[in-house]
Each structure stands twice: as structure tokens, then as C-alpha cells.
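Below you'll find the structure, written out as C-alpha cells, and then a few comments.
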Protein chains: 2
Amino acid sequence: MKTISKENYLKIIFSREEETGKPITTTYLADKLNVSKAAITDMARRLAAEELIAYERYHGIRTLPKGKKLAVEVIRKHRLWELFLLEVLNMNWSEVHDEAELLEHTTSDKLMNRIDKFLGHPKFDPHGDPIPNRNGKFPKTAKRMSLLESAEGKKYKIVRVNDASKDVIDFLSKIGIELGSEITVKKILPKNEGALIKNGRRLHSISGNIAAALFIAPAEKGRKR
Amino acid sequence: MKTISKENYLKIIFSREEETGKPITTTYLADKLNVSKAAITDMARRLAAEELIAYERYHGIRTLPKGKKLAVEVIRKHRLWELFLLEVLNMNWSEVHDEAELLEHTTSDKLMNRIDKFLGHPKFDPHGDPIPNRNGKFPKTAKRMSLLESAEGKKYKIVRVNDASKDVIDFLSKIGIELGSEITVKKILPKNEGALIKNGRRLHSISGNIAAALFIAPAEKGRKR
DNA sequence: CTTAAAAGTTAAGCAATCTTAACAATAAAG
DNA sequence: CTTTATTGTTAAGATTGCTTAACTTTTAAG
Ligand SMILES: [Mn+2]
Ligand SMILES: [Mn+2]
Ligand SMILES: [Mn+2]
Ligand SMILES: [Mn+2]
């Protein structure tokens, strides 16, 4: 049976697997989902029983086709809702994630496709994440890198902001950074202690936390994000 | 704690109490919510423990102020969603109820107020049910009666359609009856066997089931529905 | 290699929401 | 009034999704 909990688990498992290519650990999920490690083991057994994931005791979790499909459907709903809430209902950049986190589980495919159509079949959500189409296919996305891997002195465009923390997004809004902002990296501090970036004529010192949430692409001809 | 189940229970308890003014029975709720009578007794104890309802063993359920407030909030969300889905996203008259039945539980007050504003603070949902405002106050509604209490030969306006059954709404759509339609009652069959009504130049024979879902007001000067 | 720390699992138990079956109270009929 | 039908409650048990505590496996150091 499909439940809100399972959808949330699968979404995170899938995303993490895409990111790392490796089996997902109990500790990672416990941390992300804010539950005990025992709860993860428990759910892993149940998801595996439904063939949504492959679970090997002590060796982590991988998604199976059925789980992948479900995860992508939920991700699609999440991202379309975020854009809809921002563009149509004028909610704040920092608010839409939490709202979408709930709506994604109570929206029929039919409604979602209406919203997709209403928005003109968008390819990216307000945080720069790609929106899979109704067949589960993600749009081609130009390569991106973390701000932490950038070269000092160079100019970049912000192409993605990790939406995991409301505070981070709020802070960025406050200092005037948004998707598409062109920034110049002045300094990357070692040991993940943050960075100095220039946005227009304003120089900002940002924490390691904030820096890690920012993803960029070289600021040049390329229009694709 | 506030859960989807509890919200659904309270919504039905409240609506039924408004309708009858009497304590709500276990049997009624079991039927409406499609669960066993034992489940109702069980939930009644828990809702009573939270002071959302007053529950007297063997003598039914009444709402308490806290439960009433919660119920009205959910009803507001339900009805605003229905209108939004119909008007903004062009879903069908018969589809919006089921969709709203889920969305009503995962929508923040903030989002709901945005939608309310977007719609221009509407007073009635697509089935003619009044939408409480953000303070929980229902709009004044002109008196309505069931089609079954109508007088043969008279002309009426459809002011409300019970949204409980998708099939009923689908049928009405098919024969061209919607909110605001002006009809003439030709015959009311006894024993709840239905009625004969004329909509424009078309004469329709409708079942008792359908007739019971239709609510009317005299078709005259009055514009209020 | 050995061992201590970290990661992961198991066991026991709880809360929420259901189910079925047996039993009790109330209401309806005669 | 009694009897019976209807309505409602209890008891016992299942499932989902969690918790804490104890135990096991794996990993990282030395
Ligand atoms: Mn998000
Ligand atoms: Mn979610
Ligand atoms: Mn409805
Ligand atoms: Mn509902």
C-alpha cells in the first residue's frame, strides 16, 4: 500500500542514489527523515517486501524500478506544486517547499497534469531542480557545480539552491540572491568555512552552510540552466 | 494530535449536527465513513478525550467548541479547493469533491487564504454550499428546500446539489442541470420514487436518489442563492 | 591483525486506526 | 409490559510507523 511515509522515504532514497550512485545508508535516512535508525531498518524491510527497494542487511538500500517510478512521480508533484504556489499564488520562495512537501501526497495525477498544463509544462522548479515530465523523464540539464568547487575571481550564475532549509532560502532572499543571479566568487574559505561573493556591487560573506546550498554554472553565452 | 482521520470524522459530525440538531449516531457515522461501528466507538472515545466532542455511551455524539472550530476550518478548505479546482484548473464538476477531500487535510491556513483571495473571497462552492470565512463565519444563505418538498407546477432555481455522490453529479451534468438552472417541477412521485422536471424544453424523469440531492429556491426576483 | 568506534539490527512496546466476533443496551412491536 | 430487532460497545487482534535499549556487524585506527 502507498502511504505518505513510504512516498517520503522513496523520494529521499531515490534522490540520494542519483547523487551518489551508491547504496543509501540507514544513518543518512534517519538523519534526513528525522526518525531513529531502527525506524529506517523497519521501513526498509517493508519497502523491500513490496519490491520498491533492494535492501541488504548491513549494506544499505537501492531503489528498484517500481520504487524509482513512484519516487519520480512524487518528485514531479513536489516541484510542480512549488512552482505553482510561487508563480500563481504568490507564496514566498522560502515557503513553497514545506507546503509542497505535504501537497505532493494528496494530489491525483489528473490534477497534477492540469497544473503542469496551466504552468506551460515547465522544466525547472523555483529552486532550479528539474521537473520530470508525465512519463518520468527529466529534462536535459546543463552541468552544474557546487559553489565550493568554483574558481576564485570568476563570474557565475546561480542555477540551483538546495531547498532543504527554509532559513537558507530566507537568508538568500534577504541579501538579494535568487535563481539566475550573477555573482563573482571572491574567496572560498578552506574547511568549509564559507565564501566571499559579490552580487552586483554588494559583497557578501556567506557561511559554509549557505555556500554548500548554492550551485552554479559559468556565467556566459549559455542560456540553459 | 490533529490527523486526517479525525478531521474527516469531525467534518461529518459537525455537518450532520447542523442538519439535524440532534446527537449523531454510531450507525450514521459508520455508514458515512465506511468503517465498522466499533471503529466509531473507538474514535469517539479519543475525540472526547481531546474535548473535541461530547460523547455519551449509547447516546451519540455532539461537537464541542474546539471540535466545531476544527470542522469549520476543514470545511472551508474543502469548499475553497473545490471552487479553485473548478474555476482555475478547469476540472469537472463531478471530480472536484474527491480531490478536495484529500487536499483539505494538507493545506496550511496561509495557502488557503491565498486561494481565498485569488478567488475573490467567494461565498459559495460549486455545489452551492456556503464557504465560511477565515473567522469561521458562514455567509447568510437564503432559505432552501429539498426538491422533494417542492410544489408541482412551480418554477424553481437549483441552488444546491449534494456533492456526496460523483455519479449523481455526473448524471446531472449529462442532462444539463447545473447550479442556477431554472426548472419546473411537473410531478413528485410518492414514496421517494423520484420526480418529473422540466429544464428548458427538456423533460427529465429523475430517480428518488437524484431528487434527494437537489435543493431549490423559488425562481423569482431574489438573486441570492 | 586487533580493537574501539560507528553503523546497523533486533526486541519490546506504544499510539493510531482499523477489523471481526461476542455481548449489552435501547428502541420498536405486539 | 415483554419480546425482539436494532443499535452500540467491548474484547482481541492486525497493521503502520514510530521509540528506546540491548546487541551485532562493519569500519577505521593504531
Ligand atoms: Mn522542494
Ligand atoms: Mn512529503
Ligand atoms: Mn465537497
Ligand atoms: Mn477529507
Side-chain angles (χ1 to χ4, degrees), chain A residues 1-14 16-17 19-63 66-67 70-71 74 101-102 104-106, chain B residues 1-13 16-17 20-63 66-67 70-71 74 101-102 104-106:
Chain A
M1 245 278 297
K2 200 181 89 171
T3 67
I4 292 179
S5 258
K6 284 177 187 171
E7 290 187 348
N8 282 331
Y9 274 74
L10 287 172
K11 205 167 50 130
I12 293 182
I13 293 166
F14 172 85
R16 182 61 167 179
E17 196 179 29
E19 196 180 312
T20 67
K22 288 190 288 192
I24 314 313
T25 66
T26 300
T27 303
Y28 175 79
L29 291 174
D31 180 62
K32 267 281 173 173
L33 289 158
N34 252 297
V35 296
S36 69
K37 286 186 268 185
I40 302 296
T41 302
D42 190 39
M43 181 64 96
R45 281 209 272 84
R46 279 177 291 130
L47 292 176
E50 293 185 64
E51 294 180 286
L52 294 163
I53 62 166
Y55 167 55
E56 208 185 334
R57 262 162 82 256
Y58 290 107
H59 294 93
I61 290 169
R62 287 176 176 286
T63 52
K66 268 165 56 179
L70 224 179
V74 179
E101 197 58 59
L102 298 178
E104 64 188 0
H105 310 291
T106 49
Chain B
M1 245 278 299
K2 197 181 91 170
T3 68
I4 293 179
S5 259
K6 283 177 188 170
E7 289 186 349
N8 283 331
Y9 274 74
L10 286 172
K11 206 168 50 130
I12 294 181
I13 293 167
R16 182 63 168 179
E17 197 178 27
T20 67
K22 289 189 287 190
I24 314 312
T25 66
T26 301
T27 302
Y28 175 79
L29 290 174
D31 180 63
K32 266 280 173 176
L33 289 159
N34 250 297
V35 296
S36 69
K37 285 186 269 184
I40 302 296
T41 303
D42 192 37
M43 181 64 98
R45 280 211 270 83
R46 278 177 292 128
L47 292 175
E50 293 184 66
E51 295 179 286
L52 294 163
I53 61 166
Y55 166 55
E56 207 187 335
R57 259 161 87 257
Y58 291 104
H59 294 93
I61 290 168
R62 287 176 174 286
T63 52
K66 270 166 56 179
L70 226 179
V74 180
E101 197 57 59
L102 298 177
E104 65 188 1
H105 310 290
T106 50

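Hydrogens, waters and symmetry mates play no part in the numbers below; they use all other heavy atoms, side chains included. Every chain is numbered from 1 and lettered A, B, ... according to where its sequence line falls, protein lines coming before strand lines.
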Within-4.5 Å side-chain heavy-atom neighbours: Thr41(B) and Tyr55(B): yes

Salt bridge (Lys or Arg N to Asp or Glu O under 4.0 Å) partners for Lys2(A), two or more places apart: Glu7(A)

Close side-chain approach of Leu10(A) to Leu52(A), heavy-atom, < 4.5 Å: yes

Side-chain contact, heavy-atom cut-off 4.5 Å: Ile61(B) with Leu29(B)? yes

Anything under 4.0 Å to a heavy atom of chain B counts; send over the first and last such nucleotide of DNA chain C, read 5' to 3'. dA16(C) to dT26(C)

Between C1' of dG8(D) and OH of Tyr28(B), the distance in whole Å: 18 Å

Could you pull out the protein-nucleic contacts involving nucleotides 12-18 of chain D (nitrogen or oxygen on both sides, under 3.5 Å)?
residue, atom, partner, partner atom, Å
dG17(D), OP1, Thr3(A), OG1, 2.5
dG17(D), OP2, Arg46(A), NH1, 2.4
dC18(D), OP1, Ser5(A), OG, 2.9
dC18(D), OP2, Tyr9(A), OH, 3.0

State, with a plain yes or no, whether a side-chain heavy atom of Arg16(A) is found less than 4.5 Å away from one of Lys32(A). no

Determine whether Tyr9(B) and Leu33(B) make a side-chain contact, defined as any pair of heavy atoms from C-beta on separated by less than 4.5 Å. yes

Just wondering, do Thr27(B) and Ile40(B) contact through their side chains at under 4.5 Å, heavy atoms? no

Could you tell me the separation between the OH atom of Tyr58(A) and the P atom of dT25(D), rounded to a whole number of Å? 5 Å

Is there a side-chain contact between Tyr28(A) and Ile12(A) in this structure, where contact means two heavy atoms from C-beta onward sitting under 4.5 Å apart? yes

